[in-house]
Every structure is written in structure tokens, then in C-alpha cells.
Trainee: 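Supplied in C-alpha cells, the structure appears directly below.
All heavy atoms count here, side chains included; hydrogens, waters and symmetry mates do not. Just so we're clear, the structure is a prediction, and the values are computed from it rather than from any experiment. Sequence lines set the chain letters: A, B, ... in the order given, protein chains first and strands last, and positions in each chain run from 1.
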Amino acid sequence: MNKTANPIQIIGHITLASLAEIGRLSRFAGHAVASIALPPFYLRALLRQIWLIGYNSLPVVGLTALFTGAALAQQIFVGGSRFNAESVVPGVVVIAIVRELGPVLGGLMVAGRVSSAMAAELGTMRVTEQIDALVTLSTDPFKYLVVPRILAAVITLPALVLVANIIGVMGGYIIGTERLGLNSASYLKVTADFLEASDVVSSLVKAAVFGFIIALAGSYHGYYSRGGAQGVGRATTNAVVTAFILILLANLIITVLVFGDAQ
Amino acid sequence: MTPKIELRGVSKAFGRKLVLKDVNLSIAAGQSLVIIGGSGTGKSVTIKSILGLLTPDSGQILIDGKDMTRASRRDRKAFLADIGMLFQGAALFDSLPVWQNVAFGLIEGKRLKKADAKEIAIEKLGRVGLGPDVAELHPAELSGGMQKRVGLARAIAGDPSIIFFDEPTTGLDPIMADVINDLIVECVRDLGATTLSITHDMASARKIADRIAMLYGGEIIWEGAKDSIDQSGNAYVDQFIHGRADGPIQMQVTDD
Ligand SMILES: Nc1ncnc2c1ncn2[C@@H]1O[C@H](COP(=O)(O)OP(=O)(O)OP(=O)(O)O)[C@@H](O)[C@H]1O
Ligand SMILES: [Mg+2]
């Protein structure tokens, strides 16, 4: 290392390193997507991943949605009551949950669990030469390991987010009717009136994209990890950080594209 | 006759670190070559380059006269379908029971029916001295010696014509090491396979080799028939086979 490091040099170095990383990640994603269409297909591995991602994430995603929906209803009620507009609670809750909080919080929670687990598993397989062993046994590690994980996440996340949306709205409903004294029937009616099909569609599209990101980040960092246990630990952390940043970025892009020119 | 495996001028660097410098090797069909050499001299890198797990920076790797570094996907697949590899750390799949590890190449690679593959797996496990009860265990439940044996069973499961052994005896007690050596000799004899092994265990090398080559500083510095290794006239080889600390080979004890 140079003792008198020039700041411009450092910035240049970091920029180049990040660009190289983005390039490698994109190439990995391209390779994975290209491998999806070609046989052999590992159905059993796919089902196993759907089970691991979906079933095990359900409690944490459900609780997150429940508490968030409830807190949201409380806040909007307090804010709305200043203008005698308590009746906006159901509408704002459902829009906020379905358009943003359901997919984003669901995606982040699943990323914390799943990206790290994938990176740890594939990373261990890499450093113990199990991935090399796959190749010598005539099995493409991309098709056997990466594709089932990506497909499973893309399939499972929309289902999880759908459940999260429902539970999130329920959380608002429980607080709204039990604590804030809103009328149960009109709460449900306003919710239904406010919600549009396009909201649900965009929510599920976001979820699918986030699923792709979650599995991609986990697989990528695991697949290229090296340097023993320490390397696997680093891969796990990097997978979660990458997934978080890409999810938030993708969310922003999709939100701007879908809702950007609505009035 | 074309050699079964031939390396011509293979070089490989990681970053600025040149690991293999112009390695030339050739193994005739049915022969067993053992590469000896100190830790970190590039023995595993040599095998991984032949397998295509690493791409050499230059040089050719010929299998039955065909250059694998330029081979089509199909030729590469055909090559991989006909090899077996015992990894240094066994590299068993820890999510699968022992029999599925052994049968993996048969089920996923060669698309055999599970029941048929299991039968073959049990038979191969028997060949390496493991009973059917072991077949249902997971790799984590096995001792290091048993894992090596399972790795050996997996390497020979597809009746390959080329087998690679990366340090088959490291980390084993001398008796288990000898058991593994005997198994290797026996399996190779039965299959008539060509083998390339790596070791720094001289007892193992003497047992399984027809020919021995020594890798030092990224180059093959000596090669000859097994029996001629004691009269190699090469100071490096002499130092290595007698395990002496002083001689032309200077161990790097400090960090590089
Ligand atoms: N994928 C890799 N990336 C970077 N460097 C590597 C890689 N694989 C091997 N090396 C380096 O190449 C050198 C040779 O490694 P190799 O594994 O071939 O040694 P070896 O001869 O098999 O040693 P041992 O007897 O300890 O197994 C080492 O210095 C190692 O650090
Ligand atoms: Mg090695």
C-alpha cells in the first residue's frame, strides 16, 4: 500500500472495483437466466428450495406485515384526526402496504434469511470443493445449484408478499376497529374501493423481481467465495448487503416506472 | 501410440503468482503416474487444469490426442463422463446420504434409474470395504478415512477410464493409508484405468505408481520409472524422498 494515498486514486480505485463487481454480477445473472431454459431440470431441487424459502419465511414475513399494518393505521389515524380525516385510514393503509411496504419489507426480511443461507451453503460447497466435484460428476453446477434457487425465489416471493399484504391490511383493520373505533363494515368497504388490480399486479411483479435479486445475491457471493471459513462469512454478509441495496434500488425504479405519471 | 493424457507447455498464474511454468507430462493408457512435490507447488492446480476446473493461461492438454482447452462442449462432456476424481478433502455432498454421493454421477450425469444406481453404489461401497449400513449415513457421520473411501467409491462408480487421485492418503493413519493404497491399486487393476495421482506420501507413491514425476517451482524437474527414483541423481528428488530439511529445496517458512 502507498503511504501517501491520493484521494482521487482511492475514489478511482473504488469506482473501478465496483464496476468490475457489477460486471461480474451481471454476467452471473446472464449465465443463470440462460441456464433456466435448457435441460436437465432439477425438479426435486426446485421443490426443496420452494419449501425452504416459502414455508420457513412465512412466520417472519407474516409478523412483519401484521405489526407494520397495525402501526401504520395508528399513525395515519393520529395524523388524519388533525383534519378530521380519520376515514382515510383504510385507504392509506391498503395502498401503502400493497404498493410499497408489503413487497419491500417482505423482500428485505426474506433477503436477510435466504440470501445469507444460500451464500453460506454454496460458499461452503465452494471451499470444500463440492462444486468442483459436481463438474467431475457431469453435473452443471449452474443448473443444479443456481437455477433451482433463482426459480424458487421468483415463484415463492409473490406468494409470500400476497400473504404479507393480506396480513398487513388485517393488522390495520384490527387496530382500526378494536382500538380506534372505526366501523368494521365501512373499513372493509373503503379498503376494497381504494385497492385497484394494478396495485396488486405491481406488488407481485416487485415481489418476483426481489425474489430474483435475493437468490442472485446469495448464489453469486456463495459461488465465488474463497478463503475458507472466513471467506464464507464474508460472502454471507456481502450477499445480504447486495440484496438489500438492489431490492431498494429496484423498488424505486419500479415505483417510478409504474406510478411515476399517475395524477 | 498417442498417450492417454498429455500436457504440453502448460502454464498457469494467479495474479502475478506463476504457479505452473511450462509443464510437460505424458501418461500412456493403462499407466499410473504419481506427481510428488511439496505443498503449494501446484499439484492440485495441475489436476484441476486437466479437468477443466481451471483454464491454463497457455499450453495444450490432450486427452487421447484431442486438445481439451479448445474442445467443444460435447467433447468436454464426453471426457467428463469417462473420468473419476478423488478430491483432496473427499468433497462429499453433505446434504446427501452416502449412497447418493456414490451414485450421484450415475443418477444426475448418466441418468440411470435410482434403484439401479443404488445397487451399483452399494456394490462399489463393498469394493472399498464399506457395508450397506454405511450407505444410509450422511458424510458428516463418517470418519476421515471412511470419507476418503466413499470418495474413492464415488470416483470409480462410473467405471471410468481415467481416474485422478488428489492426495488419497493425507490425514490418514499409516494403516488406513495402506488400505487406501491397496484399494487404489486393486480398483485400477480391475478397471484397467489410466491414473494420475498426487501425493507427498512416498510410501503411497511407491505403491500406486508405475512412473513418478516431481513438480518443483512449477516445473517437472524429474520423471522416471518408480524403481529408478532411488538412483535419480537429482538432488531435489533425493531431498524430497528422504524428507531432509537441508538441501537445494528451501522451504518458505515465512509468509510470501
Ligand atoms: N483458485 C486459486 N486462486 C488463487 N490462487 C490459487 C488458486 N488455486 C491455487 N492457488 C495457488 O496456487 C498454488 C498451488 O496450489 P495447489 O493447490 O496446486 O498446491 P498443491 O501442490 O496441491 O499443495 P498441497 O500439497 O498443499 O495440496 C498455491 O500457492 C495456491 O495459493
Ligand atoms: Mg493439493
Trainee: Once rounded to the nearest 0.5 Å, what's the spacing between atom OG of A:Ser138 and atom CD1 of B:Ile83?
Mentor: 7.5 Å
Trainee: In terms of heavy-atom proximity below 4.5 Å to chain B, should A:Ile131 be classed as side chain, backbone, both, or neither?
Mentor: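 Neither the backbone nor the side chain of A:Ile131 comes within 4.5 Å of chain B.
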Trainee: Check whether B:Lys48 gets within reach of chain A through its side chain, its backbone, both or neither, counting any heavy atom under 4.5 Å.
Mentor: side chain
Trainee: Among the options B:Leu92, B:Leu53, B:Leu80, pick out the one with the most heavy-atom pairs lying under 4.5 Å from chain A.
Mentor: B:Leu53
Trainee: Check whether A:Thr128 gets within reach of chain B through its side chain, its backbone, both or neither, counting any heavy atom under 4.5 Å.
Mentor: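 Backbone of A:Thr128 only, per the 4.5 Å heavy-atom cut-off to chain B.
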Trainee: CG of A:Asp132 to CE of B:Met85: how many Å apart, nearest 0.5 Å?
Mentor: 8.0 Å
Trainee: Around atom CG of A:Leu257, are there more than 12 heavy atoms of other residues, nucleotides or ligands at under 6.0 Å?
Mentor: yes
Trainee: More than 12 non-hydrogen atoms from neighbouring residues, nucleotides or ligands closer than 6.0 Å to CZ on B:Phe14, yes or no?
Mentor: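 Count over threshold, so yes.
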Trainee: What closest approach, in Å, do B:Ala91 and A:Ala133 show between heavy atoms, and which atom pair accounts for it?
Mentor: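 For B:Ala91 and A:Ala133, the tightest heavy-atom pair comes out as O-CB, 3.9 Å.
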Trainee: State, with a plain yes or no, whether a side-chain heavy atom of A:Leu137 is found less than 4.5 Å away from one of B:Arg154.
Mentor: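 Yes, close enough: below the 4.5 Å cut-off.
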Trainee: In Å, rounded to the nearest 0.5 Å, how long is the span from CG of A:Asp140 to NZ of B:Lys77?
Mentor: 8.5 Å
Trainee: More than 12 foreign heavy atoms under 6.0 Å from CD of B:Gln88: is that the case here?
Mentor: yes
Trainee: What's the separation between atom OG1 in A:Thr136 and atom CD1 in B:Ile163, rounded to the nearest 0.5 Å?
Mentor: 12.0 Å
Trainee: At a 4.5 Å cut-off on heavy atoms, which part of B:Arg76 comes close to chain A: side chain, backbone, both, or neither?
Mentor: neither
Trainee: Would one find more than 12 heavy atoms of other residues, nucleotides or ligands at under 6.0 Å from atom CZ of A:Arg226?
Mentor: no
Trainee: Kindly say whether the aromatic ring centers of A:Tyr144 and B:Phe104 come within a distance under 6.0 Å.
Mentor: yes
Trainee: Are A:Pro40 and B:Arg111 side-chain neighbours, meaning at least one heavy-atom pair lies under 4.5 Å?
Mentor: yes
Trainee: Any chance you could measure B:Leu96, atom CG, to A:Gln130, atom CD, to the nearest 0.5 Å?
Mentor: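 Result: 9.0 Å between the selected atoms.
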Trainee: Take atom CD in A:Glu21; do more than 12 heavy atoms of anything else shown fall under 6.0 Å from it?
Mentor: yes
Trainee: Heavy-atom distances under 4.5 Å only: say whether B:Leu106 touches chain A with side chain, backbone, both or neither.
Mentor: neither
